[in-house]
Amino acid sequence: MKTGDLAFVKAHFSTPGAAGATEPSIEQTAHAIAADRTGPDGIVGVTNDIDSDG
Amino acid sequence: MGLAAYRYLAQQVGDAGEVQWATTEYNVLLAATNRVLTSTIDRYHLSYLPCSMVQPNTANRCKNPDDANWAAPLLFGRWAWDAQLFGAPVNGPGIQLINATYAYGFGRLKGKLPPNTFGGYPSDFYSTAYNAGYGSGGLASTRYRDQGILGYEFMITNSQSGPYSWWESASAPAPSPWIGRHPAAGQGSSPHAWGMANANKVLLDSLFAQESNGDLIVGRGVPGNWLVPRRVISVTNFPTTDGKRLAATISSGSHSVTLKLSGSHRTGSVLFQLPSFVNNIAAASSGSIIQATGTVRLAADAHTVTVRFRHTPS
């Protein structure tokens, strides 16, 4: 590992933070990418998260 | 890119099921992305990566040549460059059209703005805090590998609105009591942390980067005009694996360049890869030469190599 933070990653890989839904695990966050594939032909869907649609 | 990074993390924690899930999801999403992009490019006869995956640039704000969003596919997500570092498959229009997209965008700006600015955002269309970051895709290209550093040089010379501080979008320089050239106005924020992070990442990656397999890539984005006799390019304290640090210097002679590495714990090959090396290596004091990519591949324990040019870089 580049940073040597393997223990940190293991601790948070499948286990959410204490706040629950607002602190998802690494695994839950990654799986959200698949859930976000709501665009044409299975690409990631449009959002308006920063300045404009993208 | 997130799936490629997640796959790497799953490998590191030993979760074979999630490695497989991430591999499959990455491949499926890449295939879908390639299908949609190819369809848009074919339907509208485009020569470039559109800033929307489902529209030509003429159908949205990117029709304005000064709107730097034309270069969004070359920065945000940074897939073409970073996914390669993680050993993930990189194919399709997103990699094939990098050269063409830079050529298209800069071609539209010729005569409107100086070289090496991508434009800005309403209503300050001169440059942006992302100007270096927009060069990130160039590291995965064959003709624009030094674009990140060229964009950063433009920012330092033309668009600082405070010491090491840039607006998200900046107007053209105007007379001011301060030494140097500084924008008359700007919008977004200044300092702009995201732009600064993008700029520093592309600068460091242009000098020194590491793949997840341990291979080190040295000098991939160094402009030819940096290779001036008696000038030394140096990187110190570069974080490599397991908390270890490396340093490197690249020093130029009149017809050669010498790389020296110090530090320990290298886990892969060293790929000395200056853009000026492409089809231009006469000889190397050690390692193997790949002319097409301008690479001298050295063993993990190598400490120095001198590479002689066929033609002096410019």
Side-chain angles (χ1 to χ4, degrees), chain A, chain B residues 1-15 17-18 21-22 24-26 28-40 51-55 60-62 67 69 72-73 76-77 85 121-122 168-169 187-188 194 209-212 214 238-244 267:
Chain A
M1 298 279 285
K2 195 173 182 68
T3 59
D5 289 337
L6 186 57
F8 178 88
V9 173
K10 281 182 173 173
H12 296 280
F13 191 78
S14 303
T15 306
T22 59
E23 293 180 3
S25 68
I26 294 169
E27 181 178 346
Q28 289 169 324
T29 305
H31 281 245
I33 299 171
D36 286 341
R37 290 181 50 209
T38 58
D41 204 6
I43 63 173
V44 173
V46 174
T47 59
N48 192 347
D49 287 341
I50 304 178
D51 294 331
S52 60
D53 289 348
Chain B
M1 189 55 233
L3 291 167
Y6 178 63
R7 178 176 180 269
Y8 172 74
L9 292 179
Q11 288 172 330
Q12 298 307 307
V13 302
D15 191 328
E18 285 304 296
W21 179 86
T24 301
E25 282 297 322
Y26 177 93
V28 170
L29 180 56
L30 177 57
T33 301
N34 287 345
R35 276 195 307 275
V36 171
L37 267 177
T38 299
S39 170
T40 302
C51 68
S52 161
M53 289 177 62
V54 295
Q55 291 179 321
N60 53 50
R61 61 185 289 177
C62 292
D67 191 316
N69 279 295
F76 299 103
L85 297 181
Y121 313 116
E168 185 177 37
S169 58
Q187 295 188 55
W194 195 9
Q210 188 165 35
E211 299 183 46
S212 62
F238 178 81
T240 176
T241 53
D242 298 329
K244 299 294 195 301
T267 53

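Per chain, numbering begins at 1; letters A, B, ... match sequence-line order.
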>> If I compare all heavy atoms of B/Trp21 with all of A/Ala34, which pair ends up nearest, and what's the gap?
In response: CZ2-CB, 3.8 Å
> If you tally heavy-atom pairs under 4.5 Å against chain A, which of B/Ala22, B/Ser52, B/Ala10 wins?
Replying inline: B/Ala10
> For A/Ile43, is it the side chain, the backbone, both or neither that has a heavy atom under 4.5 Å from a heavy atom of chain B?
Replying inline: both
> Looking at B/Val13 and A/Lys10, what are the two nearest heavy atoms and their distance?
Replying inline: CG1-CG, 3.7 Å
>> If I take atom CD1 from residue A/Ile26 and atom CD from residue B/Glu18, how far apart are they, to the nearest 0.5 angstrom?
In response: 11.5 Å
> Which bit of B/Val54 is near chain A, if near means a heavy-atom gap under 4.5 Å: side chain, backbone, both or neither?
Replying inline: side chain
> If you look at every heavy atom in B/Arg35 and A/Asp41, which pair is closest and at what distance?
Replying inline: NE-OD2, 2.8 Å
> At a heavy-atom separation under 4.5 Å, does B/Asn60 approach chain A through its side chain, its backbone, both, or neither?
Replying inline: neither
> In Å, rounded to the nearest 0.5 Å, how long is the span from CD of A/Glu27 to CG of B/Leu9?
Replying inline: 11.5 Å
> How are the rings of A/His31 and B/Tyr6 set to each other: parallel, tilted or perpendicular (split at 30° and 60°)?
Replying inline: perpendicular
